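Treat the numbers as computed from the prediction; the structure is a model and nothing was measured. In what follows, residues are counted from 1 in the order of the sequence shown.
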Amino acid sequence: AYTASILFGMLADSIASNGSSGGGAWSNQERNKGAAGNETAEKEMSPCWQWNEAMALLDSFASSQLNNYAYAALLKVNEQATEEYLDESTRHDGVRCAMSVLERMKR
């Protein structure tokens, strides 16, 4: 749990210090790849690479390895991404992402 909280915290901090630079081009590539036939992947994608990485890390941990501190750090990544990616073209859907974290917590 400690490792997950640290990793998620580092990702959240990198959003605040990095800004939206660098995420847009990667996101557009991923969206184009998703548009080729995988709508689910496109819906799950965020323009924020840190959020996408956090979700990939989340899947690498078993539910028993996560605690409230880890989930709080993950929600901090979501909050930072929501604040950073506000434009219509590169909007991070913070509500949907927060709900996916809460669903994961129920498992």
Got a sec, which residues hit side-chain contact (heavy atoms from CB on, under 4.5 Å) with Ala98, two or more places apart in sequence or on another chain?
-> Leu75, Asn78

If you count the non-hydrogen atoms of other residues, nucleotides and ligands that lie under 6.0 Å from CG in Asp59, is the total more than 12?
-> yes

Return yes if some donor-acceptor pair links the side-chain N/O of Gln65 with the main-chain N/O of Ala62 below 3.5 Å, else return no.
-> yes

Does Ser46 reach the side chain of Tyr85, with side-chain heavy atoms less than 4.5 Å apart?
-> no

To the nearest 0.5 angstrom, please state how far the OG atom of Ser5 sits from the CE atom of Met10.
-> 12.5 Å

Who passes side-chain contact (heavy atoms from CB on, under 4.5 Å) against Leu58, sequence neighbours left out?
-> Phe8, Met55, Leu66, Tyr71, Leu74, Arg104

Is the side chain of Asp87 donor-acceptor paired with the backbone N or O of Thr90 at a distance under 3.5 Å, no angle test?
-> no

Verdict with reasoning, Lys76 to Gln80, per side chain to side chain contact (heavy atoms under 4.5 Å, CB included) | CA-CA 6 Å; Lys76 184 67 173 175; Gln80 293 286 6; 3.6 Å; yes

Please examine the side chains of Cys48 and Ile15, heavy atoms only from C-beta on, and report whether any two atoms are closer than 4.5 Å.
-> yes

Nearest 0.5 Å please: distance from the CD atom of Gln50 over to the OG atom of Ser14.
-> 4.0 Å

Might you confirm whether atom OH of Tyr69 has over 12 heavy atoms from other residues, nucleotides or ligands at distances under 6.0 Å?
-> no

pair Met105-Asn68: side-chain heavy atoms closer than 4.5 Å = yes

